[in-house]
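Okay, structure first, notes after.
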Amino acid sequence: MKALLRSTLAAEKSNSRPRRETLFVKVSMEGIPIGRKLDLLAHHGYHSLITTLVQMFRTTILSSDVICHDSPENCHILTYEDKEGDWMMVGDVPWEMFLTTVKRLKIVAFEKCQ
């Protein structure tokens with residue numbers, strides 16, 4: 001019986017699909033009490049990440065290539081906490097470096113970052 005169980009488990013391991021790597025981080029927005037989780041490895045860069053967050057939170061998130069056409073109180077900036085506990089603006093470092101240092105994301109009012 002044990003031999004049958006071992007061979008069955010070995011066969012399942014060899015036939016199993018490789019697991020996809022994930023990098024989930026918490027995302028919160030000022031004024032919204034419920035945060036979300038997001039898989040950063042599902043995105044290939046900052047543009048994809050910001051596009052997803054704009055749809056998710058239904059707001060305007062500024063980046064280095066986006067100008068705020070709305071009133072400043074309707075615009076937000078995406079920040080992140082790094083492994084050292086410092087808050088930084090998203091886009092300041094290359095994407096690959098960002099992935100190795102990010103702990104969580106926070107969408108803050110544009111006015112607070114001026």
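It should be emphasised that the depicted structure is a prediction, and the values quoted were computed from it without experimental measurement.
- In terms of heavy-atom proximity, Y80 sits nearest to M89 at CE2-O, 3.6 Å.
- Counting only residues at least two apart or in different chains, side chain to side chain donor-acceptor pair (under 3.5 Å) contacts with residues 98-107 comprise E81-R104.
- Cluster annotation: L99 and M97 are assigned to the same hydrophobic cluster (Ile/Leu/Val/Met/Phe/Trp/Tyr, side-chain heavy-atom contacts under 4.5 Å, transitive).
- Both L23 and V93 sit in one connected hydrophobic cluster of ILVMFWY residues. Membership requires side-chain heavy atoms under 4.5 Å apart, directly or through other members.
- The six-membered or imidazole ring of Y46 lies near that of W95, with a centre-to-centre distance under 6.0 Å.
- The closest side-chain heavy-atom distance from L105 to L40 is below 4.5 Å.
- In this structure, I32 CD1 and T59 OG1 are separated by 8.0 Å, a value rounded to the nearest 0.5 Å.
- Two residues are said to be in side-chain contact when any heavy atoms from C-beta on lie closer than 4.5 Å; D92 and V90 fail this criterion.
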Could you give the side-chain donor-acceptor pairs of residues 48-57 under 3.5 Å, partners two or more places apart or in another chain?
unit_1 : atom_1 : unit_2 : atom_2 : d
S48    : OG     : H43    : ND1    : 2.8
T51    : OG1    : H47    : O      : 2.8
T52    : OG1    : S48    : O      : 3.1

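- Across all non-hydrogen atoms, the minimal contact from I107 to L78 is CG1-CD1, 3.8 Å.
- Using a 4.5 Å heavy-atom cutoff, the side chains of L62 and H76 are not in contact.
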